[in-house]
Amino acid sequence: MSLDPIEESIIELSKSLSSYVIEIRRDIHAHPELKYEEYRTSRLVEEELRKLGFEVLRVAGTGVVGVMNFGGGRVVALRADMDALPIQEESDVPYKSRTPGKMHACGHDAHVAMLLGAARVLSSIREKLVGTVKLVFQPAEEGGAGAKKIVEEGALDDVSAIFGLHVWSELPSGVIATRKGPANASSTSILIRIRGLGGHAAHPELTRDPTVPAVDIYNAIQKIVSRSVDPFTPLVVSTPRFEASRAGNVIPDVVEIYGTIRAFDMSIRDRVLERIEKVVKHYAAAWDCEGSVEVVGTPYPPVVNTPELAEFALSVASKLGPTSEAPMSMGAEDFSFYLQKAPGTFIILGIRNEGKGIVYPHHHPKFDVDEEVLWKGTALHTLLAYNYLVKKPV
Ligand code: NI
């Protein structure tokens, strides 16, 4: 893969910033903050960006967008999410979370660090660039739809392409991947409530036990995928949380079932929701109970990457080493909201390293990242901006 002198210097600068990126990542890792509470993290980001001469905008509450204009040209956005998860960290690393019950178990700490590294590289090659970069440090990816808020506030109205980067535990360390078109499924959280009349378990005839239809509803939902859509359509319906009585001798008034629907096609999602509503209503009525279904929170649309930009990103990434086609995933990502606004692609960077014991999946209490390859994220962000703004192959 041929590199021009500017690309060579981007790679060299990124490598030389490796210890800075690791230090920032460890600092954020030790101080995790949940969605819309990223106060310390966003202050750190803001300070770093100001030092480099970026204009800083506050967005979506705890979000930060750093803007640097190099004169004329197009506007490219690079995105990192910042929030941690309500998980108790179980690793004994020196940079272990100092906040009980909170942890960076998805790698968003690394995302912030890699993009701050890119801010440094971009700032040091600013005379070589044209156009504008917007560095998007987003709050609340984990269920808070932070991306939606940023889009609605208009911070990205002038953006002509956006790239998001996520570390990935299923991919060998250092491999970079994306795919054309549909990549991540939509996600819709649901709450099913079956209301009856509770009482003593010794006298069920005096109650309207909601557990009876709830169990049938639970089982009926497992049949929706196989009976309602064609077998070549990716679809998941999971209802892992079932809350009934807390005692063996008490029949509850209410049973609640929480679940999630994952689909690439929103019309199929709608069809599944309708089927669940029918099942809940009629099964509950058969036992003189009332059933309801509600959508909880903001559904995430599917991530659908722009084919030309996915191809562009892979060709840029190949300057840094091995690349591959990312698999489709039923896991959701609120990067989808940006893609409804502007063309772009969601990219993953492998951080799995069996030799170092870095093998745990995302959202696991022992999740970690292979820090040795984080410089690649810094380099990739910068190379994407440089190629998109200056060389303009797409
Ligand atoms: Ni994540």
Side-chain angles (χ1 to χ4, degrees), residues 21 24-25 28-29 31-38 41-42 45 60 62-64 77-87 89 91 97 102-116 135-150 162-171 173 175-179 183-187 189 260 262 297-303 305 326-339 344-352 358-371 373-374 376-377 380-381:
V21 170
I24 294 266
R25 183 257 161 170
I28 297 172
H29 191 90
H31 302 95
E33 295 171 302
L34 301 184
K35 59 184 169 194
Y36 294 121
E37 293 173 1
E38 304 90 340
T41 312
S42 57
V45 166
T62 42
V64 176
L78 306 168
R79 175 268 209 164
D81 42 10
M82 302 192 289
D83 53 326
L85 287 154
I87 292 174
E89 182 157 17
S91 301
S97 167
K102 296 180 189 175
M103 177 195 174
H104 269 290
C106 198
H108 300 185
D109 48 349
H111 302 169
V112 176
M114 293 187 293
L115 193 55
L116 282 176
L135 308 183
V136 182
F137 294 88
Q138 180 207 308
E141 192 285 322
E142 301 286 359
K148 185 168 185 274
K149 284 199 181 181
I150 291 180
I162 182 160
F163 300 95
L165 182 59
H166 204 298
V167 294
W168 208 246
S169 66
E170 299 306 310
L171 204 59
S173 210
V175 177
I176 296 169
T178 186
R179 68 177 295 118
N184 294 73
S186 73
S187 158
S189 300
T260 182
R262 304 298 171 102
T298 307
Y300 286 8
V303 171
N305 294 324
M328 283 170 81
S329 167
M330 299 313 280
E333 233 301 332
D334 79 349
F335 191 75
S336 51
F337 290 106
Y338 300 119
L339 293 174
T345 197
F346 187 64
I347 306 160
I348 54 180
L349 166 64
I351 44 87
R352 182 187 190 84
I358 299 173
V359 294
Y360 293 97
H362 292 266
H363 297 206
H364 189 279
K366 289 184 177 170
F367 175 82
D368 203 355
V369 307
D370 183 5
E371 294 174 326
V373 298
L374 297 184
K376 282 199 175 192
L380 180 64
H381 274 307

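Read the numbers this way: they start at 1 and go in the same order the structure lists the ligands and their atoms. For reference, positions follow the sequence shown, starting with 1. Atoms considered below: every heavy atom in the structure, side chains included; atoms not considered: hydrogens, waters and symmetry mates.
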### Message
Quick one: does any side-chain atom of Ser97 pair with a main-chain N or O of Lys102 as donor and acceptor, under 3.5 Å?
### Response
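Checking the backbone N and O of Lys102 against the side chain of Ser97, a donor-acceptor pair under 3.5 Å is found.
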### Pair Asp81 + Arg79, salt bridge at N-O below 4.0 Å
yes
### Message
Under a 4.0 Å threshold between the charged nitrogen and the carboxylate oxygen, would Asp370 count as salt-bridged to Arg25?
### Response
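Salt bridge flag = no for Asp370 with Arg25.
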### Test item: Leu116 and Phe137 side chains (from C-beta on) under 4.5 Å apart, heavy atoms
yes
#### Entry: Aromatic ring proximity, centroids under 6.0 angstrom, Phe367 and His362
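Here the rings of Phe367 and His362 have centres that are less than 6.0 Å from each other.
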### For Tyr36, ring-ring contact (aromatic ring centres under 6.0 Å, His included) partners two or more places apart
none
### Message
Under 2.8 Å from the Ni ion (ligand 1), which protein N, O or S atoms do you find? Ignore water molecules.
### Response
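The answer is Cys106 SG, His108 NE2, His166 NE2.
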